[in-house]
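Just so it is clear, the values below take in all heavy atoms, side chains as well, and ignore hydrogens, waters and symmetry mates. Sequential numbering from 1 along the given sequence is applied to the chain's residues. This one's a predicted model, so the numbers in the text were calculated from it and none came from an experiment. Whatever order the structure lists ligands and atoms in, that order sets their numbers, starting from 1.
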Amino acid sequence: MRIDTHRESDTENAARALAGRLRAGDILLLSGDLGAGKTVFARALIRVMTGDDNMDVPSPTFTLLQTYDAPEGTLWHFDLYRIKSPEEIYELGWEEAITDGIVIVEWPEKMGSLAPRDAVRIEFRTSPEAGRILTVTIPEKLKDRFSS
Ligand SMILES: Nc1ncnc2c1ncn2[C@@H]1O[C@H](COP(=O)(O)OP(=O)(O)OP(=O)(O)O)[C@@H](O)[C@H]1O
Ligand SMILES: [Mg+2]
């Protein structure tokens, strides 16, 4: 599925639309260049899922991980840009995150082959008109929940 966004609020609306379908155990991989809109997307998603429009959602660029309590489960927001090797995700609590959390990952490329297969993937591309093109890929086993 392809979503064209022309401004930040479009990307936020796309995140809000997806948020209602996420359940504990889901993993969302957000890829794309620096400044492509991954954190904008994650922030809108986290605010909807926590039910707090004013929730402070800093980019985890330096902390690598921020967590939030939400009715659906704990939200784990990772930014792996600064990790040096894929195995560092284990030190960040990855196993616990994927057990019953809802996991949002910026820079999943840094996980290499540890990146989970059954994840929802969103690729962010900056388009010439200064918008963002989001390409969403839903794994087979989640298609029913996400496409209805
Ligand atoms: N259509 C759009 N969707 C999302 N962000 C947009 C859009 N148009 C412009 N922007 C701007 O682009 C920037 C995206 O920044 P953001 O921090 O979300 O990027 P990122 O992908 O998380 O980068 P990084 O890899 O550094 O974490 C913001 O300043 C936002 O206002
Ligand atoms: Mg970011």
Side-chain angles (χ1 to χ4, degrees), residues 1-70 72-99 101-139 142 146-147:
M1 179 179 35
R2 172 181 156 146
I3 303 167
D4 287 5
T5 72
H6 301 286
R7 55 191 69 81
E8 191 171 332
S9 60
D10 294 337
T11 296
E12 291 168 349
N13 286 335
R16 292 183 192 113
L18 184 81
R21 297 174 187 262
L22 292 172
R23 300 285 176 268
D26 286 348
I27 301 173
L28 201 55
L29 304 181
L30 310 180
S31 55
D33 289 338
L34 289 166
K38 302 179 294 295
T39 300
V40 164
F41 187 97
R43 182 174 295 125
L45 187 102
I46 289 165
R47 285 180 174 165
V48 173
M49 295 199 75
T50 56
D52 182 350
D53 272 353
N54 298 313
M55 174 69 76
D56 184 29
V57 182
S59 171
T61 313
F62 294 100
T63 55
L64 307 185
L65 169 67
Q66 302 284 147
T67 59
Y68 304 85
D69 290 324
E72 286 291 339
T74 302
L75 311 181
W76 298 68
H77 181 196
F78 292 91
D79 183 332
L80 303 180
Y81 187 70
R82 300 173 70 87
I83 67 171
K84 301 271 187 299
S85 78
E87 287 71 24
E88 284 178 49
I89 62 169
Y90 295 118
E91 293 155 34
L92 295 171
W94 180 256
E95 301 276 11
E96 188 187 344
I98 61 173
T99 305
I102 294 171
V103 178
I104 306 161
V105 184
E106 296 188 40
W107 292 99
E109 297 84 347
K110 302 280 179 175
M111 300 174 73
S113 61
L114 297 180
R117 288 158 168 272
D118 281 333
V120 174
R121 293 170 184 273
I122 308 181
E123 169 93 38
F124 292 73
R125 261 187 305 131
T126 304
S127 78
E129 306 83 44
R132 305 289 193 273
I133 299 165
L134 280 51
T135 308
V136 184
T137 309
I138 309 291
L142 296 182
F146 283 87
S147 55

For [X] and ligand 1, answer yes if some heavy atom of the residue is under 4.0 Å from a ligand atom, otherwise no.
X    : result
W107 : yes
D79  : yes
D33  : yes
A36  : yes
D10  : no
G32  : no

Next on the checklist: Looking at K38 and G32, would you say the former's side chain and the latter's main chain have a donor-acceptor pair under 3.5 Å?
Outcome noted: yes
Next on the checklist: Taking T5's backbone N and O only, do any of them form a donor-acceptor pair with R132's side chain (distance below 3.5 Å, no angle check)?
Outcome noted: no
Report yes if [X] has an N/O atom closer than 3.5 Å to an N/O atom of ligand 1; otherwise report no.
X   : answer
S59 : no
T61 : no
K38 : yes

Checklist outcome for this item: Contact region, R7 to ligand 1, non-hydrogen atoms below 4.0 Å, reads backbone
Checklist entry - If you measure from each non-hydrogen atom of T11 to ligand 1, which part falls under 4.0 Å: side chain, backbone, both or neither? => result side chain
Checklist entry - Which residues satisfy the side-chain contact (heavy atoms from CB on, under 4.5 Å) test with R23, sequence neighbours excluded? => result D26, E72, R145
Checklist entry - Between Y81 and W107, how do the two ring planes meet: parallel, tilted or perpendicular, split at 30° and 60°? => result tilted
Next on the checklist: So for atom CD, which belongs to E109, do other residues, nucleotides or ligands contribute more than 12 heavy atoms lying within a distance under 6.0 Å?
Outcome noted: yes
Checklist entry - For R16, does the CZ atom have more than 12 heavy-atom neighbours from other residues, nucleotides or ligands under 6.0 Å away? => result yes
Checklist entry - Side chains of V105 and I89: does their closest heavy-atom pair fall under 4.5 Å? => result no
Checklist entry - Within a strict 4.5 Å, meaning less than it, do heavy atoms of the L28 and I122 side chains meet? => result yes
Next on the checklist: Assess the residue pair I98 and W76 against the criterion (side-chain contact (heavy atoms from CB on, under 4.5 Å)); give the C-alpha distance rounded to whole Å, side-chain angles, the decisive distance to 0.1 Å, and a yes or no.
Outcome noted: CA-CA 9 Å; I98 61 173; W76 298 68; over 6 Å; no
Next on the checklist: For the Mg ion (ligand 2), which protein N/O/S atoms fall under 2.8 Å? Skip waters.
Outcome noted: T39 OG1, E106 OE1
Checklist entry - Hey, mind stepping through F146 and V136 against side-chain contact (heavy atoms from CB on, under 4.5 Å) and telling me if it holds? => result CA-CA 11 Å; F146 283 87; V136 184; over 6 Å; no
Next on the checklist: I'd like to know if the side chain of T67 pairs up with that of T74 as donor and acceptor (distance under 3.5 Å, no hydrogens or angles considered).
Outcome noted: no
